[in-house]
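These values consider heavy atoms only, across backbone and side chains, with no hydrogens, waters or symmetry-generated copies. For ligands, and for the atoms within them, numbers begin at 1 and follow the listed sequence.
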Amino acid sequence: MTDTDATGLEQAVRTALGSLDLERKVRLLTGAAMFALAEEPAIGLPPLTFSDGPTGVRGSEFTGGEQVVMFPSATVAASTWSEEALEALGDTLALEALRQGVDVVLGPTVNLHRTPLGGRLFEAYSEDPLLSGRLAAAYVRGMQRRGVGASLKHFVANEAETERHDVDSVVPPDALRELYLLPYEICVADASPWTVMAAYNAVNGVPATEHGELLNGVLKDEWGYDGLVMSDWFATRRTEEPATGGLDLVMPGPQGPWGEALVAAVRAGRVAESVVDDHVTRVLRLASRVGAWHPTPGAARVAAGDVEGPASPARREQLRAAAAAGATVLTGSAVVGPADAFTPDAPLVLVGRHAVRTTLQGGGSAQVWPPHRVDVEDGLRAALADGALVVVDGVEVRERAEAAGADVLRDPETGAPGLRATSFGADGSELASEVLADPRVVLGFGPGPHSGARWLELAATVHVDDAHGVEVGVIGAGRWTLTHQGTEHTAEVVLPTDDPGAGILTPPSWSTAVAGQGDATLVARVEPTGTSPCLYALVARPAPRRTADVVAEAVEQARGRRAVVVVGLTDEQETEAADKTTLALPGDQDELVRAVAAVAASTTVVVNAATPVLLPWLDDVAGVVVVGLPGQEGGDAVADVLLGVREATGRLVTTWPARDGAGPAWETVPTGGRLVYAEGTAVGYRGWYGAAEPPAFWLGHGLGWSTWAYESARVEPDGAVAVRVRNTGARTAREVVQVYLDPVGAPVRLVGWAVAADVAPGEHRDVVVRPDPRVLRTWDTAAGRWRPLPAGGELLVARGLGDVRLRVPRVA
Ligand code: BGC
């Protein structure tokens, strides 16, 4: 098929609309499968393929698809404050998509970090709308340049997960415009994402999938958006309201509330056929843009076979550098010394469950199956001489057990790595039996060898380092019989929530400690219960140890030596479908840090979490570095940062509270189905600024390798701010120069930033920050329109609002 220009495309769309009857047009407006659209041979339209998501291109299977690149989480990428880095990320995601024949990647997520308790913050960029919007636009540009579509999600006011399918986000109009809609507005204007995803929640009483005022009024009419609006998965519940409200595509399918019901609504005159035609036009425009139908010219597509594999040396180096670049130093230094400072006589002592089992990605639909994982322990072992690293596993950090991986499971029949899954029908006959290298099975989620299963059997030979005993168990809702070395256990595992996605996203588990020596055979048989899709897997891991024993071992090893403690969250907290209830580190991690800090020569803490946590021992340690959820090469990146090989150049993308409950917005639990955004426009640092109790760390904070003098700031006649910074430290380093406006009668806000990279010691760099006009407005609710901010106010040149270096009057 040859490329089609705009006029040619319009003509092709008109011809297609003219040749399809109503039923055929409506068929194109609901997915044909979980992640695919319908084809229409009559007009030469092939099926389009979608895939999650922001952390990697998973493909169309939730488990067991291809091994793909697991990128650092969105917060790590955002912490670079680098549009260049986000553009490169979008580019690589597009290559991952092309490698798998995926047309649209379901990202980026631009919901804001409104409250630090939000479970899904790791997938989104920031509490600041300008930073979120500009970084998202860069990601979309990088991706779409390759002919792969992005999906800006979840439109809009989807800042928490509790009761997410029904919650009504009650947002004042000025906050909606100035904060929550702004990243979408910026991204639409600057990068034209080819799709937008309408959220699960309602906004001010109207479901986001049928919000005519926002979808038709703001997005399509006011912003001139010509792309496609799809629903979040299973979010559409009605027929006419979404169709007339601006939703173009119901996902997934083939079942759904449109189909025949929409045909009938058109026939009865309740929905105009021109509305259907507009939706179909947008589907066809998307097909053209991704090159599947009358290709839009200009995309730099590459053949699948020419794309680097997810474990190629080039990809590994790129991911390692990206993870280090987004690491953020909160206090002191992240550097514990060069690698050769550690020897068998003077080893580095590495402590913590997150050191041996690093949380590399968050939970939920963003999860991917990577080619390998590099934990912090692996990274440091590779970098240090033999015997120069002593590792102490930490206290327990999880409540729900994690699925056992192919590293500890073998097929009992062939010995191949993984799990044998066998399914049986209602009459007891065997349906399918296979060895799964990704040892997780999802039932009830699309077709597959086990889709008709009445019983499922999971069998494996497990090998767990059992010095402290072994814990075995099962994951997934149902009635289980688990046989371990001939001993039978039974369990009824129930899904505690009716969220339709929870069985896959946060599956329940059951486990028990058993005595065990060497290899053991584990056979688990389940009769699935519940009506929603669910994930099934085995648990096999060292039994949890008593905190006192772990602490005693850590203290013994760390005494008088240099120590690194890795603490953090897991995909139990950093996940879709659930919010946090506290910012305290899970388990007894604080106790472990305190004990080590009390005896070690120096203690550096690595925080393996995407979002704020409480650091009650902050004054007792030499340095704290946040590494987020760093992706498949995370451990190597952390080793680079700790050993001074790469600078941790990140700056916080969210303000960190000093205690639970502190901050302008906190609650994620709706009252009577309503989550009221009562803080209005005073979100994040905007709300903290001027408050009596300061936060622990401000958005924009981050120390890196050097110190900086801010020598001058000057406002040019056109409003641009010229800043001179000088590297006053001893190493070449990178600085993020931030400019905030403290306006008259409105909240303080970030208006722009600039990066000064590779500045040598003693050298200066001149940067120019152009305040973005889209944050120099205020929404006049009464008039329903934008007004310029009142004249005056002060520009603050800062390293986060806790470290304002220069102040200059605004010229306006
Ligand atoms: C999530 C979306 C995701 C979709 C498809 C939903 O549960 O909210 O972000 O793209 O599932 O997996």
Between [X] and [Y], is any side-chain donor less than 3.5 angstrom from a side-chain acceptor?
X: Ser169; Y: Glu159; value: no
X: Thr359; Y: Arg398; value: no
X: Ser51; Y: Gln100; value: no

Side chain, backbone, both or neither: the part of [X] lying under 4.0 Å from ligand 1 by heavy atom:
X: Met197; value: side chain
X: Gln367; value: neither
X: Arg120; value: side chain

Check: What's the shortest distance from atom 6 (C) of ligand 1 to any protein heavy atom, and which residue and atom give it?
Finding: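 That would be Asp232 OD1, 3.0 Å.
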Checklist line | For atom 7 (O) of ligand 1, the protein heavy atom that lies nearest, with its residue and separation | finding: Glu576 OE2, 2.7 Å
Margin query: Can you tell me if Phe35 contacts ligand 1 (heavy atom of the residue under 4.0 Å from the ligand)?
Written below: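 Yes.
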Next item on the list: Give a yes/no on ligand 1: does Glu123 have at least one heavy atom closer than 4.0 angstrom to it?
Entry: no
Notebook entry, point to check: According to the salt bridge (charged side-chain N to carboxylate O under 4.0 Å, His left out) rule, which pairs have a member within residues 73-83, sequence neighbours left out?
Noted result: Glu83-Arg134
Notebook entry, point to check: What are the two closest non-hydrogen atoms of Arg99 and Glu66, and how far apart are they?
Noted result: NH1-OE1, 3.4 Å
Notebook entry, point to check: Does Asp52, backbone or side chain, put an N or O under 3.5 Å from an N or O of ligand 1?
Noted result: yes
Check: Roughly how far, to the nearest 0.5 Å, is OG of Ser231 from NE2 of His154?
Finding: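 Those atoms lie 11.0 Å apart.
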Notebook entry, point to check: Would a distance-only check, ignoring hydrogens and angles, find a side-chain to backbone donor-acceptor pair under 3.5 Å from Trp81 to Gly650?
Noted result: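 Between the backbone of Gly650 and the side chain of Trp81 there is no qualifying donor-acceptor contact (under 3.5 Å).
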List ligand 1 atoms under 4.0 Å from [X], heavy atoms only on the residue side.
X: Tyr200; answer: 6 (C), 7 (O), 8 (O)
X: Leu106; answer: 10 (O)
X: Arg164; answer: 7 (O), 8 (O)
X: Lys153; answer: 2 (C), 3 (C), 9 (O), 10 (O)

Next item on the list: For the residue pair Phe155 and Tyr184, categorise the inter-ring angle as parallel (less than 30°), tilted (30 to 60°) or perpendicular (more than 60°).
Entry: perpendicular
